[in-house]
Amino acid sequence: MRDTRESRLLLVLLIAIAFALITVDIRGGEASPVDGARQAAATVFGPVQKGVSNAVDPVGNAIGAVRDSGQRHDRVSALEQENAALKRRLGSDERNRSRVNELDKLLKTAGAGQYGIKAAEVIAIGAAQGFSWTVTIDAGADDGLKRDMTVLNGDGLVGRVTTVGPSTATVLLANDPDFTVGTRMENSNELGFATGQGDQPFNVQLLNGKAKVKPGDRLVTFGSSKDRPFVPGVPVGQVVRVDPAGGDLTRDIFVRPYVGYTKLDIVGIVVQAPRDDPRDMVLPKKPAKPKPTPTVTVTATPSPGGQNAPVDGPADGQVNEQE
């Protein structure tokens, strides 16, 4: 067809008629006047479409496979997310079990020393308060906390309260270089002062320079006047090194603390001191020494003929017990 004025008018007219039919068909729905024509077209062209569809089935299957692959990928991703959530939940359950154990140890320690405590959780470390070894706990004045209260956990001495807000408080940890607490040796009752040294053992100066001390000896807090800032009997640590006396009036020893200050979680603030000094009651029991196992050595006695006589029992030999 030539590109003339008449052909252009015919094209515009056909487009207008097509839009008119589309509008009538949409508004008419199932009662559309062109519905019969549409059905007739479907009858005529249906087999052709089916043949074309059969011809392109491999392509369609490939596209479907790609689509299904995407769906499978989505299912795998969903399963991976569910697996990760399950692991997080299991991890949380493990953490909860650990915290229950910590709380149980804390309650046993408080019960052994007859300390009235308020349990709290460590919610921040000391970066907010400077370079000191401090932590922030989620209990404060509203919970009855005051400055210079003793803080402990299930293992022993944690520190003392230094700053109190309405709902939080700051605790100076016992391993801080500015922290000093009076101590008493188990059994010997030798007194001293323990000073924190960061991640190193406490340095303890015993008042008696001639005190007999050995590695493995244990210390507890001596206690303060009116039980502030320290109540008595809280486990401090175990001696790991003893410096020579050297004739000084005091004597230095080094004590490994019971508490791990880098992994604190549940702590207890002593809001009521014990009526009586618990002394060594809070210290864990020492493991029993294993009993020595006797060993029997039998020595054969040579016979007069130069051959060893048969041994019937200890009567012909020697029995030695060794530890």
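Note: hydrogens, waters and symmetry copies are ignored here, and every other heavy atom, side chains too, is used. Residues: numbered from 1 along the sequence shown.
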Expected output: side-chain Thr134 to main-chain Val171 donor-acceptor under 3.5 Å:
no
How are the rings of Phe202 and Tyr261 set to each other: parallel, tilted or perpendicular (split at 30° and 60°)?
tilted
Just by distance, no angles: are the side chains of Asn203 and Gln197 close enough, under 3.5 Å, to form a donor-acceptor pair?
no
Measure from the side-chain N and O atoms of Glu102 to the backbone N and O of Ile266, and report whether any donor-acceptor pair falls under 3.5 Å.
no
More than 12 heavy atoms of other residues, nucleotides or ligands under 6.0 Å from NZ of Lys286: is that the case?
yes
Report yes or no: does Thr168 contribute a side-chain atom to a donor-acceptor pair with the main-chain N or O of Gly140 at less than 3.5 Å?
no
Asp243 bridged to Arg251 by N-O distance under 4.0 Å
no
Candidate pair Val135 and Thr170, rule side-chain contact (heavy atoms from CB on, under 4.5 Å), full reasoning:
CA-CA 6 Å; Val135 295; Thr170 301; over 6 Å; no
Check whether Thr221 reaches the backbone of Gly233 with its side chain - one donor and one acceptor, N or O, closer than 3.5 Å.
yes
Please check this pair: side chain of Ser167 against backbone of Ala139, looking for a donor-acceptor N/O pair closer than 3.5 Å.
no
Main chain of Val239, side chain of Asp217: is a donor-acceptor contact present, judged purely on distance under 3.5 Å?
no
Look at Asp148 together with Arg160 and state whether they make a salt bridge at an N to O cut-off of under 4.0 Å.
yes
Do Phe193 and Val242 sit in one hydrophobic cluster, given that two such residues count as connected whenever their side-chain heavy atoms are within less than 4.5 Å of each other, even indirectly?
no
Leu152 pairs by side chain to side chain contact (heavy atoms under 4.5 Å, CB included) with which of Val270, Val282, Leu157, Val259?
Val270
Short side-chain to backbone donor-acceptor contact, Asn101 and Arg97, under 3.5 Å
yes
Before accepting this row, confirm whether a basic side-chain N of the pair Arg218/Asp280 lies closer than 4.0 Å to the acidic partner's carboxylate O.
no
Looking only at atom types and distance, does a side-chain atom of Arg147 sit under 3.5 Å from a main-chain N or O of Thr162, one as donor and one as acceptor?
yes
Please check: side-chain N/O of Asp143 versus main-chain N/O of Leu145, any donor-acceptor pairing under 3.5 Å?
no
Verify side-chain contact (heavy atoms from CB on, under 4.5 Å) between Leu283 and Tyr258, making sure each step is shown before the conclusion.
CA-CA 10 Å; Leu283 284 170; Tyr258 288 121; 3.9 Å; yes
Quick check: are there more than 12 heavy atoms from other residues, nucleotides or ligands sitting under 6.0 Å from CZ of Arg99?
yes
With a 6.0 Å cut-off (strictly less than), is the heavy-atom count around CD of Glu121, excluding the residue itself, greater than 12?
yes
Would you find a donor on one side and an acceptor on the other, under 3.5 Å apart, between the side chain of Asn153 and the backbone of Val267?
no
For Phe222, does the CZ atom sit with more than 12 other heavy atoms under 6.0 Å from it, leaving out its own atoms?
no
Are Leu107 and Met281 connected into the same hydrophobic cluster when the rule is that any two of I, L, V, M, F, W, Y join if their side-chain heavy atoms are below 4.5 Å apart?
no
